[in-house]
Amino acid sequence: AQSVTQLDSQVPVFEEAPVELRCNYSSSVSVYLFWYVQYPNQGLQLLLKYLSGSTLVKGINGFEAEFNKSQTSFHLRKPSVHISDTAEYFCAVTMDSNYQLIWGAGTKLIIKP
Amino acid sequence: DTGVSQNPRHKITKRGQNVTFRCDPISEHNRLYWYRQTLGQGPEFLTYFQNEAQLEKSRLLSDRFSAERPKGSFSTLEIQRTEQGDSAMYLCASSPSRGTPYEQYFGPGTRLTVT
């Protein structure tokens with residue numbers, strides 16, 4: 001069965017510092033990979049996606065992620081975080097024609113002033 | 001385009017009561033998904049429609065749950081005889097069937113509390 005693991009439930013980081021949120025998945029077939037962000041009391045918003053091609057993908061708000069097939073990882077990074085990045089971040093994969101998303105448990109990004 | 005909307009945003013009900021939630025997808029989107037999200041977890045897939053046809057249901061969707069999408073527009077999710085374990089955020093998402101079908105757009109969710 002396919003699964004997604006987000007290794008950290010919370011990541012505290014100082015403002016303007018870099019951050020990496022980790023995501024690993026298990027699948028024997030090709031996948032599409034996504035990061036979604038959920039701000040407090042709001043719905044899920046697509047941050048970025050990997051479909052094919054370049055393994056480094058850029059998203060909104062200065063985030064980027066790198067697909068590593070050999071390590072089955074899709075880690076999210078930002079070189080300098082801002083207080084407004086405080087949110088929960090979810091990694092998700094889909095691998096069938098129905099595009100049903102399989103989700104990680106989420107990582108709360110906590111920005112320390 | 002106003003995005004995906006869900007109503008109500010919050011629902012508090014007593015155990016044993018029936019509840020119904022509504023989702024209005026983005027107007028040109030053929031695909032519609034329901035997910036459930038409990039505290040501290042990622043969303044879990046419940047069911048999927050393409051137009052009015054319900055094409056897939058998760059094992060999570062017990063016989064107390066039913067979803068419909070008449071005429072392929074809005075969708076409803078009904079829970080009969082609610083239990084405390086049904087307390088969760090119910091999320092609806094839609095996507096187009098062409099172009100970017102993998103790109104799901106989410107509504108704000110309906111938070112259900114069963115007392």
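Lettering follows sequence order; numbering is per chain, from 1. Hydrogens, waters and symmetry mates play no part in the numbers below; they use all other heavy atoms, side chains included. This one's a predicted model, so the numbers in the text were calculated from it and none came from an experiment.
At a heavy-atom cut-off of under 4.5 Å, chain A is reached by R9(B) from residues 6-15 of chain B, listed in order of number. Residues of residues 106-115 of chain B lying under 4.5 angstrom from chain A, judged on non-hydrogen atoms, are F106(B), G107(B), P108(B) in numerical order.
Residue E16(A) qualifies as open at atom CD: its count of foreign heavy atoms under 6.0 Å is 12 or below. Surrounding CZ of F14(A) are at most 12 heavy atoms belonging to other residues, nucleotides or ligands under 6.0 Å away. Residue E68(B) places its CD atom among 12 or fewer non-hydrogen atoms of other residues, nucleotides or ligands, all under 6.0 Å distant.
In this structure, chain B has no heavy atom under 4.5 Å from any part of I102(A). The contact between L46(A) and chain B is made entirely by side chain atoms (from C-beta outward), counting heavy-atom distances below 4.5 Å. Interface residue Q38(A): only side-chain heavy atoms are found under 4.5 Å from chain B.
A heavy-atom distance below 4.5 Å is not found between the side chains of I79(B) and N18(B). Using a 4.5 Å heavy-atom threshold, the side chains of E66(A) and H75(A) count as separate. Side-chain contact between L56(A) and R77(A) is present, with heavy atoms from C-beta onward closer than 4.5 Å.
With 3.5 Å as the limit, one finds no donor-acceptor pair spanning the side chains of Q6(A) and Y25(A). Between the side chains of E103(B) and S95(B), no donor-acceptor pair of N or O atoms lies under 3.5 Å. Side-chain contact annotation: Q37(B) with E44(B), donor-acceptor N/O pair under 3.5 Å absent.
In summary, of the residues considered (Y36(A), F74(A), F63(A)), a ring pair (Phe, Tyr, Trp, His ring centres under 6.0 Å) with Y89(A) occurs for F63(A) alone.
Aromatic ring orientation, H29(B) versus Y105(B): tilted (interplanar angle from 30° to 60°).
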